[in-house]
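Notes for the one structure printed next.
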There are 2 protein chains.
Amino acid sequence: MPRKKASPKRRSRCPLNASVEILGDRWSLLIIRDMMLRGFRTYKEFLDSYEGIATNILADRLRKLIAHGIITTQRNPSDGRKVIYSLTPKGIDLAPVLTEMVLWAAAHEDTGNQALVRQIQQDKEKFLNAAWQRWAEANRALRQP
Amino acid sequence: MPRKKASPKRRSRCPLNASVEILGDRWSLLIIRDMMLRGFRTYKEFLDSYEGIATNILADRLRKLIAHGIITTQRNPSDGRKVIYSLTPKGIDLAPVLTEMVLWAAAHEDTGNQALVRQIQQDKEKFLNAAWQRWAEANRALRQP
DNA sequence: ATTTTCGCTTGCATTTTGCAAGTAACATTG
DNA sequence: CAATGTTACTTGCAAAATGCAAGCGAAAAT
């Protein structure tokens, strides 16, 4: 399968612009944060997350993230109501972006979650490896239920 | 002076959320890119940038970036019409964020500007240092006109 | 003196977002 | 097995953000 899709009518071919068009809104990266750092995988978990996304916006963002190949879905075989969302390789590759955004805000804004911030500051590589390993492990568990 | 401002009514205290609230739209990071990588400093330059921002949106984003302490303005003494925008230290500190967003899109989307991308891939630190040095030099020139 | 340039503002249509109230499919409970 | 609860959504509508075109005042160029 092809690794990169031809981009449908972008404003420009600048890679930063591509990122901004895909991720530049007030919710997408928070959903990805919840999946990557908090292990959230269901609609209800995202909906109940602290920032309070509206249900129609959540449905829309999940649809777009799927369309962009950042997340995928599968049904939970033991509970037919539940849909399990998970990050694709393209999705977990956003870890460095999230990491730098956390560091920037922690350095220049009044924010919380200092435990996470210090962990990243102390050893960024270790933090990124850990995130990747959690992702790999969760995927393994999903394939062998 | 205080390094961090108390944040007015954020959705949450998560540092990623702070970044998203400040930068999470379709234009802010492109303006910062134009300043950081292309050396743009005037309203007209931003307006004429390839993606085609609308003039009212540009004025609004510049106002917000100033309010967040990411850019500052000064009048051009040799041409009283021109306003010179430049990145603050908080603004140039966004370089790692932009860098990772460029790398992610270059890896997973069909994008251009491969010269820039390869430069970053080959030596990220060197690229970041160069960006910082260009910024320091431009600031020096501005103070001694 | 007139025209052009620059950095905006204003008005208005379109799009996106947010809120509240459904709903269909499945699972649990009595 | 019927009633109730859960889950993942959709729908309708108001409010806010965005985009487009036109205009405008101050300064500079001609």
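All chains are named by letter (A, B, ...) in the order of the sequence lines, taking the proteins before the strands, and each is independently numbered beginning at 1.
Computed from coordinates, the B/Ile71 CD1 to C/dG7 P distance equals 13 Å when rounded to whole Å. The distance from atom CG of A/Asp48 to atom C1' of D/dC9 is 14 Å, rounded to the nearest whole Å. A/Leu30 places its CG atom 11 Å from the P atom of C/dG18, with the value rounded to the nearest Å. Rounded to a whole Å, the CD1 atom of B/Ile84 is 13 Å from the C1' atom of C/dC6. Taking atom CD of residue B/Glu45 and atom P of nucleotide C/dT5, one finds them 16 Å apart after rounding to whole Å. Rounded to whole Å, the distance from NZ on A/Lys44 to C1' on D/dC9 is 14 Å. Atom CG in A/Asp60 sits roughly 12 Å away from atom P in D/dC9 (whole-Å rounding). The CD-P distance, from B/Gln74 to C/dG7, rounds to 13 Å in whole Å.
Distances from the side chain of A/Arg81 to the nucleotides C/dA21, C/dG7, C/dA25 place C/dA25 closest. Comparing D/dA22, D/dT10, D/dT7 against the side chain of A/Ala59 picks out D/dT10 as the nearest. Side chain of B/Ile57, nearest nucleotide from D/dT18, C/dT9, C/dA27: D/dT18. The side chain of A/Thr55 has C/dA20 as its nearest neighbour among D/dA8, C/dC8, C/dA20.
Every salt bridge (charged side-chain N to carboxylate O under 4.0 Å, His left out) that B/Arg61 has, sequence neighbours left out, goes to B/Asp25.
Between A/Ala54 and A/Leu47, the shortest heavy-atom contact is C-CD1, 4.3 Å.
Below the 3.5 angstrom threshold, one finds a donor paired with an acceptor across the side chain of B/Asn56 and the base of D/dC20.
Both A/Arg11 and A/Thr73 lie close to DNA chain D; mapped to their nearest nucleotides by heavy-atom distance, the more 5′-ward contact belongs to A/Thr73. Comparing A/Ala54 and A/Gly80 against DNA chain C, the residue whose closest nucleotide sits nearer the 5' end is A/Ala54. Nearest-nucleotide positions on DNA chain C for A/Arg26 and A/Asn76 put A/Arg26 closer to the 5' end.
Within the 4.0 Å cut-off from OP1 or OP2 of D/dT10, at least one side-chain nitrogen or oxygen of A/Arg63 is found. A sub-4.0 Å separation between OP1 or OP2 of C/dT17 and a side-chain N or O of A/Arg61 is present. In this model, the phosphate group of C/dG18 is approached by a side-chain N or O of A/Trp27 to a distance below 4.0 Å at OP1 or OP2.
In this structure, a donor-acceptor pair under 3.5 Å is absent between the side chains of B/Glu125 and B/Asn129.
Residue B/Arg75 is classed as having no contact, given no heavy-atom separation below 4.0 Å to the nucleic acid.
A distance of 4.5 Å separates CD1 of A/Ile53 from CG of A/Leu58, quoted to the nearest 0.5 Å.
By the rule that hydrophobic residues join a cluster once side-chain heavy atoms approach within less than 4.5 Å of another member, B/Val117 and B/Phe127 end up as members of one cluster.
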